[in-house]
Amino acid sequence: MPYDPSSSEARWQKAWAEAGSFTAIRDERPKYYVLEMFPYPSGRIHMGHVRNYTMGDVVARFKRAQGFSVLHPMGWDAFGMPAENAAMEQGGHPRDWTYANIATMRDQLKPLGLSIDWSREFATCDDDYVHQQQAMFLDMLDAGLITRKSAQVNWDPVDMTVLANEQVIDGKGWRSGATVERKELTQWFFRISDYSDELLSALDGLSGWPEKVRLMQANWIGKSRGLQFRFATVDAPEGFEAIEVYTTRPDTLMGASFAALSPDHPLVKKLAETRPEVAAFIEECKRIGTTEEAIETAPKLGFDTGLTVTHPLDPNWQLPIWVANFVLMDYGTGAIFGSPAHDERDHEFATKYGLPIRATFGQPGMTLEQADELVAAAPFVPLKSETVTYVRGFAGDADQTGEAAVDAAIAHAEAQGYGEGVTKFRLRDWGISRQRYWGCPIPVVHCDSCGTVPEAKENLPVLLPQDVSFDVPGNPLDRHPTWRQATCPKCGGAARRETDTMDTFVDSSWYYARFTSPGADTPTNRADADYWMNVDQYIGGIEHAILHLLYSRFFARAMVKTGHLPEAAKEPFDALFTQGMVTHEIYMTRDAKGRPVYHLPEDVTDGRLADGTEVEIIPSAKMSKSKKNVVDPVNIVDSFGADTARWFMLSDSPPERDVEWTAAGAEAAYKFLTRVWRLAEETGADIDDPALIRSAHRAIADVTRSIEGFAFNKAVAKLYELANAIAKSKADGAPRKAALRIMAQLMAPMVPHMAEDLWSMADGQGMVVDAPWPKADPALLEDDTVTLPIQINGKRRAEISVAKDMPKDQIEALVMADETVIRFLEGASPKKLIVVPGRIVNVVA
RNA sequence: GCGGGCGUGGUGGAACGGUAGACACAAGCGACUUAAAAUCGCUAGGGCUUUGCCCGUGCGGGUUCGACUCCCGCCGCCCGCACCA
């Protein structure tokens, strides 16, 4: 009977489903919650999904075999713009498009044989999920976690919606191509910045997270300690008698040469009202654009207002107030003092506009003159931990580190009363209002007499109207004839519904908690949440290192505060694994005009198209539809079976690195599974082989350790070794089947269908999915004799075979008698003889 | 600019400070076959004066009996953040 995955995989999937093998239940076993980041229902599954979910499945099945009660759910991150875009382009309704995609993708996912508890499946656009998310929104609003305020947003005037920063490309909307405008809008915000310090310091406790992700989050939160103080202004308009300034280098205060304001600073706006040249300068700054590239290459522009401020340490010292395009309104206070001697940017500015450059400190031992000379052509910016000599110091010692000087300066300011030490964060509040239809409605109404009023819980869910069209740009909720009409829950009068919907990151910030009790009529059922949380192992792409994971960490805290999660779940993901991408070569030809034309891998054989045209091969890159370097998992499963796709995904490349999909690699995976199948078929009369059972037990130890360490590629290599050992062994009959059963158990997390077949062919009892994980017998892990390499002066020259527990002095005697050693020593005695038992011998001649 | 990661055969990659290149892909040779495919077996870092020796983990130093691994200094590539005061 040949290996035929097409029939056997479906059969085993049915058997597992009928046995309810993967239904998560609360029982006396220890629990284990493994979760992969849930997919967006774009239409089809791709190889990235296969890799992600295969890895999660290995962990889930492994833990299940080890005796854990495993929760391994699946759902759909179903709200979002692509559904609306599809409705605009092809007609139809986002809801229909989304649910049709979910059905397709579910059908594509199920044949992979994942050990998922499908009874817990939900989509974030389900009425029920919307309902509970809105209930939670009201709780969080009540708990002071949500606020409504005015903010600058990226506004696409064609699509008539707010764009996220990532959706603004070269100053234009990513979809419409229209120039994005800065617009002030009243928006709903989660007060994540209240948790800046907490979210930062708690990173230290996340020992199961990659260091890289923790660092990225720390950078994003961006904590800095500095001094906030006031410049008294001279002749400024009323209400601007002082300007608040923030600096992380207050120790350079005596090197100040100017004050600079952001073009968005209120004082600048005030001046623009009466002075056209100020307004013109603001316009000029805006033209440069908002992209990182533009900002990076933009020249430093300044405008001298003619106003001055008084230096806080010297009432007779006046500094000019400039407007500078590099000062950002949304960091610090939107105002700085320029310290050109010790700041790259300020130095460039001062040089351009002829402002003074005065050193505050110089290299150790320098005089004031030497230090001024040092900074004349280029700024002197040493690490804050380095000791320098202060030549214009005003607090602390003359020779001190920058850190000590900053502390001393803050202390000085606080003692003298002109400023105070302040900790600032880069992290902004999380704006969640989207002028979009296909999202979770924000459950509030606007009442003329009561203002903004939360919807009453008993009126939830606030569901989206179904009778909408997308033939004109903008949010269909705004122009719906009746949907906006609501009753004020407070006064009972007429009110208008909020038409903004929530950012879809809100949906994905708590789905992991909902999986613990997906049918509950509250956001979570506390008994279930208490039992299943936290997620023991979370697996997903590095692209979510900041936003999704940071929002989830905040949301878990908000859910703790509102009673929806236990205190212990405030860090919801105990361990995080970020897997690499699936890549493929790109095949390209050019059309008559020299434009690139891409070709699908299945249309290319040996570097040529079917008509013989040679293609240009571009090195492997992330699979993308536009470059056509995609392989459809459905085709692979159809031709080779799910186990082949799974096995290949786990082979060769370490999980955290990118893996290149190659046709040859997929075929090799298939060949290996076929070979294992044949190994199980060829059995005869009982012949024992003690070496084989040793190999099998070594494989148990190695594979177990590899899976625990997320080194699936090593686990695969060890299974190749075991297969080779079985093939070479003369063992047959029962002894051979014993080894095959171990093989089946070790392979089961990775290629579960093949493992079931192997298990039953080798006379395993029941299904291998129910067999407990094998334990390696320590007695079988070590051979009685070991081969000891002999190094002479650190180079391997010979080896001896000795009993595993041979005493050192006997080994030494054997080594000294070895003919290679004798030849190298040429009669002399060794300077040193190092014996590392069981490892190596080194003779130093 | 700041922060982090990575450099090992033709390729993907192994290697508690202890035999560098496990395992696999691609390649070559052989067996089986009329032939091919499939399968099985063998070879395989480079070099040489081949019982054996020399050189080899991006480059240059260092620590050590012993370094892919640890330390210092370079070079290259990748990722994240960035006029952040």
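So that the names make sense, note that chain A is the first sequence line, chain B the second, and so on, each numbered from 1. Please read all numbers here as calculations on a predicted model, not as lab measurements.
Remark: A:R249 in residues 249-261 of chain A come within less than 4.0 Å of RNA chain B through at least one heavy atom. Residues from residues 220-230 of chain A with heavy atoms under 4.0 angstrom of RNA chain B: there are none.
Computed from coordinates, the A:L427 CG to B:C81 C1' distance equals 14 Å when rounded to whole Å.
Contact between the side-chain N/O atoms of A:R214 and the OP1/OP2 oxygens of B:G4 is not found at any separation under 4.0 Å. Within the 4.0 Å cut-off from OP1 or OP2 of B:C55, at least one side-chain nitrogen or oxygen of A:K795 is found. An OP1 or OP2 oxygen of B:U19 is reached within less than 4.0 angstrom by no side-chain nitrogen or oxygen of A:N842. Side-chain nitrogen and oxygen atoms of A:Y720 include none within less than 4.0 Å of the OP1 or OP2 phosphate oxygen of B:A24.
When the side-chain contact (heavy atoms from CB on, under 4.5 Å) test is applied to A:K627, the partners found at least two apart in sequence or on another chain are A:I586, A:Y598, A:S624, A:N629. Applying the side-chain contact (heavy atoms from CB on, under 4.5 Å) test to A:N842 and every residue at least two apart in sequence or in another chain returns A:Q791, A:I834. Legend: residues meeting side-chain hydrogen bond (donor to acceptor under 3.5 Å, both in side chains) with A:W430, ordered by chain and number and at least two apart, are A:D503. Remark: A:P382 pairs with A:F361, A:F380, A:E386, A:V388 by the side-chain contact (heavy atoms from CB on, under 4.5 Å) rule, at least two apart or across chains. In terms of the side-chain contact (heavy atoms from CB on, under 4.5 Å) criterion, A:A717 has no residue partners (sequence neighbours excluded).
Side chains of A:R736 and A:I726 form a contact here, defined as non-hydrogen atoms less than 4.5 Å apart.
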Distances for protein N or O near nucleotides 10-16 of chain B N or O, under 3.5 Å:
from: B:G12; atom 1: O2'; to: A:S653; atom 2: OG; distance (Å): 3.2
from: B:G12; atom 1: N2; to: A:D652; atom 2: OD1; distance (Å): 2.9
from: B:A14; atom 1: OP1; to: A:N713; atom 2: ND2; distance (Å): 3.3
from: B:A15; atom 1: OP1; to: A:K714; atom 2: NZ; distance (Å): 2.5
from: B:C16; atom 1: N4; to: A:R839; atom 2: NE; distance (Å): 3.3

Could you write out each protein N or O paired with an N or O of nucleotides 48-52 of chain B at a distance under 3.5 Å?
none

Which side-chain N or O atoms in residues 206-216 of chain A pair as donor and acceptor under 3.5 Å with protein atoms at least two apart or in another chain?
from: A:W209; atom 1: NE1; to: A:F573; atom 2: O; distance (Å): 2.8
from: A:E211; atom 1: OE1; to: A:R214; atom 2: NH2; distance (Å): 2.9
from: A:R214; atom 1: NE; to: A:L206; atom 2: O; distance (Å): 3.4
from: A:R214; atom 1: NH1; to: A:L203; atom 2: O; distance (Å): 3.3

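Each side-chain hydrogen bond (donor to acceptor under 3.5 Å, both in side chains) pair with one or both residues in residues 656-673 of chain A, not counting sequence neighbours, appears once here: A:S620-A:E660.
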Secondary-structure string, 5' to 3', Watson-Crick or G-U under 3.5 Å, | for another-strand partners, for RNA chain B: (((((((..(((.....[....))).(((((.......))))).((((...))))..(((((..]....))))))))))))....

